[in-house]
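See structure below.
Within every chain, numbering begins at 1; the chains are lettered A, B, ... in the order of the sequence lines, protein sequences first and strands thereafter.
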There are 2 protein chains.
Amino acid sequence: MRLSPDQTTELAEMLHVMGDANRLRILLVCLDEERAVGAIADELSLAPSLVSHHLRLLRAARLVRARKQGKQVFYLAADDHVRSVIGDLVAHVAEPPESDHTHDDHRGGAD
Amino acid sequence: MRLSPDQTTELAEMLHVMGDANRLRILLVCLDEERAVGAIADELSLAPSLVSHHLRLLRAARLVRARKQGKQVFYLAADDHVRSVIGDLVAHVAEPPESDHTHDDHRGGAD
DNA sequence: AATACATTTGAACACCTGTTCATATATCAT
DNA sequence: ATGATATATGAACAGGTGTTCAAATGTATT
């Protein structure tokens, strides 16, 4: 199954936005239930300003949607499509690692 | 389904490595069949040096494995786990943008 | 109107990242 | 041995990125 160059770029951009720890945490927090910016900041112990900055990128990537209510703005995963993708990812990470290692490659020195 | 802080960081790092267009292309090229560095570089029109650099990151993230044969080094997706994750992502991106929404809630004011 | 609260915005900073180039290492052939 | 091929490595540069701070915007309450 192959992707077009455009689709590959699109996927890379999506992964790039999700590939930040704080942004991923924010996305996970408002994946299934609406969350206000302040609530997210409070739960993750992050500055509201920082959360807002990340939320803007998540919104630009169409990963979350915003709903304004009074003074607060509630964020939620954009749609079931996003929830499904994240769900798959989370499921794979939550799974135990494979034990089908025929041979172990040498430790790569990541600097 | 929630992840531990460590698992969340781990996932973010994995997404971060995949979140580069060239790196993702490289990963896709050697997802199901072994590919030598030169072959990847040739197919993607990238400098072998650049491919090697990216391959090192992919290897450090345990996303690909290397098998040396003579002068060439063949790379392949690390395991079925990785193939499954990438497969899911590709499938989601390859899907048509509209899915069967039984109820269409949250109308977005995205800029 | 003024105050307090929630969120956003922009600038500034330090840090990281992708790429290129030159060079090194390894392997095969002559 | 030399030379050619394949890959890896390191330095260096340009540009991007996350974070913080201060200030702005919007919104409800008094």
Side-chain angles (χ1 to χ4, degrees), chain A residues 8-9 11-30 34-61 63-76 105-111, chain B residues 5 8-9 11-30 34-61 63-76 108-111:
Chain A
T8 307
T9 303
L11 176 55
E13 283 170 359
M14 179 187 172
L15 294 173
H16 179 241
V17 173
M18 295 190 300
D20 174 80
N22 283 336
R23 222 144 47 210
L24 181 60
R25 287 185 196 113
I26 292 172
L27 182 55
L28 289 175
V29 161
C30 60
E34 278 190 337
R35 294 276 196 170
V37 178
I40 298 174
D42 199 47
E43 182 165 344
L44 272 52
S45 301
L46 298 175
S49 171
L50 178 57
V51 174
S52 184
H53 275 299
H54 283 313
L55 245 11
R56 178 152 53 124
L57 292 180
L58 288 169
R59 213 175 44 194
L63 286 170
V64 299
R65 282 186 187 285
R67 188 190 114 244
K68 194 170 185 180
Q69 180 182 352
K71 288 186 282 191
Q72 320 192 56
V73 179
F74 291 90
Y75 282 87
L76 179 67
D105 65 333
H106 72 88
R107 301 292 188 281
D111 42 295
Chain B
T8 307
T9 303
L11 177 56
E13 284 171 358
M14 177 186 173
L15 294 172
H16 179 241
V17 172
M18 296 190 300
D20 173 81
N22 284 336
R23 221 144 48 207
L24 181 60
R25 286 184 197 114
I26 292 172
L27 183 55
L28 288 174
V29 162
C30 60
E34 278 190 336
R35 294 278 195 171
V37 179
I40 299 174
D42 199 48
E43 182 165 343
L44 273 54
S45 301
L46 297 175
S49 171
L50 179 57
V51 174
S52 184
H53 276 299
H54 283 313
L55 245 12
R56 177 155 53 117
L57 292 181
L58 288 169
R59 215 174 43 194
L63 286 170
V64 298
R65 283 186 186 286
R67 189 190 114 242
K68 194 171 185 180
Q69 180 181 351
K71 288 186 284 193
Q72 318 192 57
V73 178
F74 292 91
Y75 282 86
L76 179 66
D111 46 320

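Atom pair A:Ile26:CD1 and C:dT7:P shows a separation of 13 Å (rounding to whole Å applied). Summarising the geometry, the separation between CG on B:Leu46 and C1' on C:dC21 is reported as 16 Å, rounded to the nearest angstrom. Distance A:Leu58 CG to D:dT17 C1': 14 Å, rounded to the nearest Å. Between A:Met18 atom CE and D:dG18 atom P the separation is 14 Å, expressed in whole Å. Distance A:Leu55 CG to C:dA6 C1': 13 Å, rounded to the nearest Å. Nucleotide D:dT17 holds its P atom 10 Å from the CD atom of A:Glu13, rounded to whole Å. Going from atom CG of B:Asp20 over to atom P of D:dG15 covers 17 Å, rounded to whole Å. The CG-P distance, from A:Leu57 to C:dT8, rounds to 12 Å in whole Å.
Rounded to the nearest 0.5 Å, atoms CG (A:Leu27) and OH (A:Tyr75) are 13.0 Å apart. Note that the OG atom of A:Ser45 and the CG atom of A:Leu50 stand 12.0 Å from one another [nearest 0.5 Å]. Atom CD of B:Glu13 and atom CG of A:Asp20 lie 11.0 Å apart (nearest 0.5 Å).
Close to D:dG18, at under 4.0 Å from its OP1 or OP2, lies no side-chain N or O of A:Asn22. Residue B:Tyr75 places no side-chain N or O under 4.0 Å from the OP1 or OP2 atom of D:dA6.
Counting atom types as modelled, B:Ser49 pairs a side-chain N or O with a base atom of D:dT9 as donor and acceptor under 3.5 Å. Remark: the A:His16 side chain and the D:dG16 base include no donor-acceptor N/O pair separated by less than 3.5 Å.
Exactly one of B:Leu63, B:Val17, B:Leu55 qualifies for a side-chain contact (heavy atoms from CB on, under 4.5 Å) with B:Arg23. That residue is B:Val17. Paired with B:Glu34 under the rule side-chain hydrogen bond (donor to acceptor under 3.5 Å, both in side chains), one option of B:Arg67, B:Gln69, B:Gln72 passes, and it is B:Arg67.
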Pair A:Val51, A:Leu44 - check side chain to side chain contact (heavy atoms under 4.5 Å, CB included), show working.
CA-CA 9 Å; A:Val51 174; A:Leu44 272 52; 5.9 Å; no
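In this structure, the nucleotide among C:dG18, C:dA11, C:dT19 sitting nearest to the side chain of A:His53 is C:dA11. Distance from the side chain of A:Ser52 is smallest to C:dT7 among D:dA8, D:dT19, C:dT7. Ranking D:dA8, D:dT9, C:dA11 by closeness to the B:Arg56 side chain, first place goes to D:dT9. Of the candidates C:dA6, D:dT9, D:dG18, D:dT9 carries the atom nearest the B:Arg59 side chain, counting heavy atoms from C-beta on.
Between the side chain of B:Ser52 and the main chain of B:Pro48, no donor-acceptor pair closer than 3.5 Å is present.
Nearest-nucleotide assignment on DNA chain D puts the 5′-proximal partner with B:Phe74, out of B:Phe74 and A:Ala47.
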One character per nucleotide, please: for nucleotides 23-30 of chain C, 5' to 3', B when the base has a protein heavy atom closer than 4.0 Å, S when only the sugar-phosphate does, - otherwise.
---SBS--
